Structure formats: C-alpha cells, structure tokens
Amino acid sequence: MKRESIEPFFATLQAANPQPVTELEYTSVFELLAAVLLSAQATDVGVNKATRRLFPVAGTPQAMLALGLERLEGYIRTIGLYRTKARNLMETCRLLVERHGGRVPRTREELEALPGVGRKTANVVLNVAFGEPTMAVDTHIFRVSNRTGLAPGKNPLEVELELIRRVPPAYAVNAHHWLILHGRYVCVARTPRCWECAVARWCDYQPKTPPSGAGR
DNA sequence: ATCCCGAGGG
DNA sequence: CCCTCTGGAT
C-alpha cells in the first residue's frame, strides 16, 4: 500500500463507523480484562455468551476468587482453551487483590505480569480502558495489515511496530477497532469480500471477483 | 515449535 | 471433513 493511501484508507473506515466500540461485553475495567483474557482463539460472540452468565456472579476479582476454579470452569466450558483460561484468570484475580488492591493496573509491565495476559491483551486493555494509542495485533489485524500492505510483518510484533510507524496520529486510538471490524466482517480470513470492500482501491490484495450471485 | 480446545462456518 | 476465532506459556 502506498503511503499516500493510508490517510484515505482510514478516513473511509472512519466514515463507515465514526464511533467504533469493542464487541466484547463488559461493565468495568476488570470485566474487560477478564473478557479479553477469555477471548484468546475464541470468538467474541462465544465469550459474551459465557460472560453474560459469569459476570453477574463474578464481576470483581474478589467475587471470582469466591466462586472458585471448578465453578468458573463450568461457566466458560463452552470457550476453547477453557482449563488454561480458568486457571490463569483465577491466578490473575489473586494477584489483582494481593498486589493491586483489587484494581486493574495501568502499565504494560504490570499487566503483562498477570498470567494469561500477554502483549496483545495488555494492548487491548491500555487502548479500550485507558485510551492509549496502542496497536493490539490479533489474528484479524495481523491478516488485514499484511494482506492490504498497510503494515507488513512476519510476526505480530513486527506488524505492531509498523502500524505505530504508519498510522496517522489522528487515527491511532481507534485504528485497532477499525481494523478489527474490517477484518471480522469484510476482510475475512477464507474468502475476503473484496467486491463489497470500501477500501479495496488502496489495497495490495488482488483477487476481487465476487462469487456468482453475490453482491448486487 | 508445540500445546491448549470448544463452537461455528464453509 | 477442515478452517477460524481480538493468544499465552513452555
């Protein structure tokens, strides 16, 4: 993707979705952290389905600890990797209470010290909860960044650094959401819907033929 | 590089 | 059946 294409690329995504929001459901920073932790290699729809039952009874780290590992597993059994996630979430709650007064810390270093929280999850919390211009490179953003040529990279960290370098400051805070939504609904993994893509004219990816009968 | 690991879609 | 989903720890 040409450098002069980046501005119109984001301006177009912004026009289509002026106030992008996370599709994970949460009512507090703690719930956001828990939801993002649970969302690894899982769909937000699947996570919401579980947390809508879980959070009313475990909306704080203290309540989660009181719930206990076995019952937590019961709530999230329908999410992939649930045993690892249950163990990590319980341990994270213990650390939140013991080290952080039951609150979610605001620095990358403290967040990444929590089990189950890596660079991507920390980036999401810093962006969504605290408004920082971080680039959380998940499967969608990795794919869209490489496919379009917006920010090529061999691994998520390379893509993240390239995004920080290339995304204009005016779009930096919301870039995460625009790229996610674009990847989830248009620039999908298997058969990208290029025939209905609003930013296709600036994209490096070529196969843009609609399946017969699709589109309008 | 490998393991974890269920649900939904093609 | 195979692929994908807002990855992290070893």
Side-chain angles (χ1 to χ4, degrees), chain A residues 13 17 20-26 29 31-54 69 72-95 104 108-130 132-148 150-151 153-160 163 167 173-194 207 210-214:
Chain A
L13 293 181
N17 199 160
V21 291
T22 305
E23 296 193 346
L24 288 171
E25 296 169 7
Y26 64 97
V29 178
E31 288 187 0
L32 172 68
L33 172 64
V36 178
L37 188 156
L38 293 175
S39 73
Q41 297 295 286
T43 63
D44 60 336
V45 173
V47 172
N48 290 337
K49 194 172 174 183
T51 58
R52 242 161 60 194
R53 291 180 293 112
L54 172 65
L69 180 63
L72 172 57
E73 286 187 347
Y75 281 100
I76 68 173
R77 199 173 294 144
T78 54
I79 303 175
L81 317 181
Y82 74 94
R83 280 191 284 255
T84 305
K85 289 173 181 176
R87 189 170 6 98
N88 284 337
L89 183 51
M90 288 300 286
E91 180 64 7
T92 280
C93 287
R94 192 180 68 76
L95 292 174
V104 177
R108 170 187 304 288
E109 193 173 21
E110 291 171 308
L111 286 167
E112 290 187 12
L114 302 169
V117 181
R119 188 178 183 89
K120 181 264 172 181
T121 299
N123 277 333
V124 174
V125 173
L126 290 171
N127 178 269
V128 175
F130 304 130
E132 297 188 24
T134 57
M135 303 292 168
V137 181
D138 57 34
T139 181
H140 292 301
I141 295 186
F142 185 78
R143 179 181 64 254
V144 172
S145 295
N146 275 298
R147 186 182 275 166
T148 61
L150 168 67
K154 291 187 287 294
N155 54 64
L157 182 57
E158 278 191 17
V159 169
E160 178 183 335
L163 284 170
V167 177
V173 173
N174 287 326
H176 166 249
H177 286 126
W178 286 317
L179 293 173
I180 278 268
L181 293 172
H182 186 59
R184 179 175 297 159
Y185 296 114
V186 181
C187 196
V188 297
R190 282 200 184 173
T191 311
R193 309 170 70 81
C194 303
S212 58

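Throughout, a chain's letter reflects where its sequence line sits, starting with A, and its residues are numbered from 1. These figures come from a predicted structure and were not determined experimentally. Every heavy atom of this structure was used, including side-chain atoms; hydrogens, water molecules and symmetry mates were not.
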Colleague: C1' atom, C:dC2 versus B:dC5: distance in rounded Å?
Modeller: 16 Å
Colleague: With sequence neighbours left out, write down each residue that passes side chain to side chain donor-acceptor pair (under 3.5 Å) with A:Glu23, or none if nothing qualifies.
Modeller: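 Side chain to side chain donor-acceptor pair (under 3.5 Å) list for A:Glu23, sorted by chain: A:Arg184, A:Tyr185.
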Colleague: Give me the distance, rounded to whole Å, that separates B:dT2 from C:dT6 when you measure between the P atoms they each carry.
Modeller: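 Approximately 25 Å lies between the P atom of B:dT2 and that of C:dT6.
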Colleague: Quick one: list whatever passes side chain to side chain donor-acceptor pair (under 3.5 Å) with A:Asp138, sequence neighbours left out.
Modeller: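 With neighbours one apart ignored, the set is empty.
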Colleague: Got a sec, which residues hit side chain to side chain contact (heavy atoms under 4.5 Å, CB included) with A:Arg94, two or more places apart in sequence or on another chain?
Modeller: A:Leu65, A:Glu91, A:Glu98
Colleague: Test your reading of the model: is there a side-chain donor-acceptor pair from A:Lys120 to the backbone of A:Ala40, 3.5 Å cut-off?
Modeller: no
Colleague: For A:Thr84, give me all partners under side chain to side chain donor-acceptor pair (under 3.5 Å), at least two apart in sequence or on another chain.
Modeller: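 A:Thr84: no side chain to side chain donor-acceptor pair (under 3.5 Å) contacts found.
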Colleague: Which nucleotides of nucleotides 5-10 of chain C have their base under 4.0 Å from a protein heavy atom (B), which only their sugar-phosphate (S), and which neither (-), written as one string 5' to 3'?
Modeller: BBBSS-
Colleague: Reading DNA chain B 5' to 3', which nucleotide is the first, and which the last, to come under 4.0 Å of any heavy atom in chain A?
Modeller: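 The protein-touched segment is B:dC4 to B:dG10.
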Colleague: So, using side chain to side chain donor-acceptor pair (under 3.5 Å) as the criterion, who are the partners of A:Arg108 when residues are at least two apart?
Modeller: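 Testing A:Arg108 for side chain to side chain donor-acceptor pair (under 3.5 Å), a comparison that skips the adjacent residues, returns A:Glu112, A:Asn123.
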Colleague: Given the C1' atoms of B:dG8 and C:dG8, what is the spacing between them in whole Å?
Modeller: 23 Å
Colleague: Mind checking side chain to side chain contact (heavy atoms under 4.5 Å, CB included) for A:Pro192 and listing every partner two or more places apart, or none if nothing turns up?
Modeller: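 A:Pro192 satisfies side chain to side chain contact (heavy atoms under 4.5 Å, CB included) with A:Arg147, A:Cys194, A:Tyr205 once adjacent residues are dropped.
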Colleague: Who are the side chain to side chain contact (heavy atoms under 4.5 Å, CB included) partners of A:Leu69, not counting sequence neighbours?
Modeller: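 A:Leu69 satisfies side chain to side chain contact (heavy atoms under 4.5 Å, CB included) with A:Glu73, A:Ala86, A:Met90 once adjacent residues are dropped.
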